[in-house]
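For reference, the structure is listed below as structure tokens.
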Protein chains: 2
Amino acid sequence: MFEPLDTAPAYLRLSAAIRARILGRELGEGDSLPTETELARQFAVNRSTVREALRNLQSAGLVERRGGGKKLYVSRPAVGAVGDGLREALTLHEARFADVWEALLALEPAVAAAAAKRRDAVQLAELEAIAVEFGASEKLATEAVALVGRFFRALGRASANPVFVLANEPLVQLVEPSLAIIIDRLPQARRRIAAAQRAMVTAIRARDRAAAADWMRRHVEDFRRGFEQAGLPLETVVR
Amino acid sequence: MFEPLDTAPAYLRLSAAIRARILGRELGEGDSLPTETELARQFAVNRSTVREALRNLQSAGLVERRGGGKKLYVSRPAVGAVGDGLREALTLHEARFADVWEALLALEPAVAAAAAKRRDAVQLAELEAIAVEFGASEKLATEAVALVGRFFRALGRASANPVFVLANEPLVQLVEPSLAIIIDRLPQARRRIAAAQRAMVTAIRARDRAAAADWMRRHVEDFRRGFEQAGLPLETVVR
DNA sequence: ATTGTCGGATTGTCGGACAATTATCATGGG
DNA sequence: CCCATGATAATTGTCCGACAATCCGACAAT
């Protein structure tokens with residue numbers, strides 16, 4: 001007979017309303033939002049309430065401020081921001097290295113295969129450049145790790161699959177600290193990574209999906225071995 | 001020479017400060033936050049500013065209100081909430097069905113294998129119950145879809161890998177509407193899904209990882225065929 | 001064309017206020 | 001002694017009004 005009343009706080013209903021407009025494409029990426037005062041007038045609430053709703057949308061990445069300006073623009077959630085959130089969530093869920101590794105083993109070969117299938121010339125050149133720079137490096141562990149991260153991210157973009165791009169990000173973030181330790185402790189790590197990157201680039205250049213996936217699989221398995229050889233237990237909780 | 005000044009608004013620095021405490025485990029899950037007035041006093045800002053910071057943390061799932069109460073408690077981001085955010089992000093990134101399917105094909109066999117390896121008796125019973133209920137159903141498409149969703153989520157939990165659990169969620173959410181259409185249009189879809197679920201349960205009961213992964217692979221590939229046979233183009237943008 | 005200036009618009013932050021709801025606790029009954 | 005109960009205090013959600021800092025756009029000066 002009667003439906004339950006919506007007793008949610010106004011700031012939540014407000015952000016839900018705007019969120020729905022964005023997801024329904026009535027507000028497209030790049031459109032600017034009305035000013036806070038104007039929103040307050042339209043929704044007939046106080047500006048403080050509007051601001052709470054906006055903070056909500058802002059941390060979901062649905063609106064953002066561009067280049068030091070004041071206006072808010074509708075945006076698609078940035079990969080980095082989504083990745084940060086996922087990394088936090090996984091950290092608080094006490095994901096262990098073994099868990100992340102298991103996901104990497106499932107995901108990355110498919111990413112590599114998709115990259116081999118769909119990469120364009122620019123993306124191939126980027127991967128090559130990163131592999132060359134890594135191979136030539138006598139750099140600090142942190143710089144080497146950053147290059148590995150760039151390689152994986154470039155691979156994700158080359159896969160032309162937004163699901164892979166987004167899924168990639170938190171895994172790479174979570175793995176980077178461990179990788180730094182491995183590169184520090186195991187002298188052969190750099191060589192093995194460089195070899196794997198070369199092999200993957202070659203396979204991707206040849207558009208050989210199977211080879212790309214296979215080399216990635218070895219690369220990821222190597223990574224686990226490195227983790228163990230560096231004396232770290234697989235049950236280590238990542239953070 | 002000079003470092004850039006931190007000119008971020010107070011509400012952002014405030015949420016960053018609390019966020020760091022939570023991620024650093026100084027505030028553990030279940031701890032309650034001080035009241036807004038108390039936070040305002042400690043950080044020497046106005047309560048309005050505190051509230052904006054809290055809205056930020058709240059939508060990241062780092063704090064939540066429990067059972068209609070007033071107090072805020074530190075929490076780990078709920079799987080459903082993280083999944084919602086990811087689904088939104090993927091929608092706005094214009095992920096196509098083909099992209100989601102490609103990710104499913106990479107991820108789900110690994111999830112099934114992990115479930116076969118690590119499931120306990122309760123989780124096995126849950127999977128069995130869902131499969132039986134699905135097999136016996138003359139239900140509406142929406143109910144059948146809900147059961148498929150429950151099957152995949154139960155599988156994720158049985159994998160005992162939080163990365164799989166979190167990655168699973170948005171994919172399942174994105175795929176459910178398509179699945180409803182398929183079940184509506186293709187009479188044989190129900191039978192094929194039921195058969196796949198039975199096979200997977202059998203493999204998982206026997207702890208046969210390879211068989212579980214293999215049946216899941218077929219299941220996912222079947223899903224793509226169903227999508228095409230239902231007359232939907234793979235390039236359809238999910239939402 | 002670049003730089004400086006000026007007024008208006010907008011955001012960030014503040015203080016205070018109040019109703020509605022929730023937490024706390026003393027108190028009396030079983 | 002334990003539990004229900006009601007009064008009281010604390011807290012949240014929302015509003016109002018205010019003001020400095022900053023950004024924006026237009027216009028003037030170099």
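Residue numbering restarts at 1 for every chain, and letters A, B, ... go by the order of the sequence lines.
Using a cut-off of 4.0 Å between Lys/Arg side-chain N and Asp/Glu carboxylate O, R41(A) and E38(A) are scored as salt-bridged. Using a 4.0 Å cut-off between charged nitrogen and carboxylate oxygen, R76(B) and E94(A) do not count as a salt-bridge pair.
Here the CG-CD1 distance, from L179(A) to I193(A), works out to 5.0 Å after rounding to the nearest 0.5 Å. Atoms CG and CD, from L62(B) and E88(A) in turn, are 5.5 Å apart once rounded to the nearest 0.5 Å. Rounded to the nearest 0.5 angstrom, L27(B) CG and I18(B) CD1 are separated by 8.0 Å.
Between chain B and DNA chain D, the heavy-atom contact criterion of under 4.0 Å yields a 5' to 3' nucleotide range of dT11(D) to dT14(D).
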Next item on the list: Scan nucleotides 4-15 of chain C nucleotide by nucleotide, 5' to 3', and note B when protein non-hydrogen atoms come under 4.0 Å of the base, S if they reach only the sugar-phosphate, - if neither.
Entry: ------BBBBBB
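Taking all atoms of both residues into account, the shortest heavy-atom contact from P177(B) to L174(B) is CD-O, 3.4 Å.
No more than 12 heavy atoms of other residues, nucleotides or ligands sit less than 6.0 Å from atom CZ of R21(A).
Looking at residues two or more places apart in sequence or on another chain, you find a salt bridge (charged side-chain N to carboxylate O under 4.0 Å, His left out) between E36(B) and R47(B), R51(B). In this view, F97(B) and F223(B), F227(B) satisfy the ring-ring contact (aromatic ring centres under 6.0 Å, His included) rule, not counting sequence neighbours.
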Next item on the list: Using Watson-Crick or G-U wobble pairs with both distances under 3.5 Å, give me DNA chain D in dot-bracket, 5' to 3', with [ ] for crossers and | for pairs to another strand.
Entry: ||||||||||||||||||||||||||||||
Please output the side-chain donor-acceptor pairs of residues 149-161 of chain A that fall under 3.5 Å, not counting sequence neighbours, one pair per line with the distance.
{"from": "R153(A)", "atom 1": "NE", "to": "E169(A)", "atom 2": "OE1", "distance (Å)": "2.9"}
{"from": "R153(A)", "atom 1": "NE", "to": "E169(A)", "atom 2": "OE2", "distance (Å)": "3.3"}
{"from": "R153(A)", "atom 1": "NH2", "to": "E169(A)", "atom 2": "OE2", "distance (Å)": "3.1"}
{"from": "R157(A)", "atom 1": "NH2", "to": "E126(A)", "atom 2": "OE2", "distance (Å)": "2.9"}
{"from": "S159(A)", "atom 1": "OG", "to": "G156(A)", "atom 2": "O", "distance (Å)": "2.6"}
{"from": "S159(A)", "atom 1": "OG", "to": "N161(A)", "atom 2": "N", "distance (Å)": "3.3"}
{"from": "N161(A)", "atom 1": "OD1", "to": "V163(A)", "atom 2": "N", "distance (Å)": "2.8"}
{"from": "N161(A)", "atom 1": "ND2", "to": "D99(B)", "atom 2": "O", "distance (Å)": "3.1"}
{"from": "N161(A)", "atom 1": "ND2", "to": "E102(B)", "atom 2": "OE1", "distance (Å)": "2.8"}

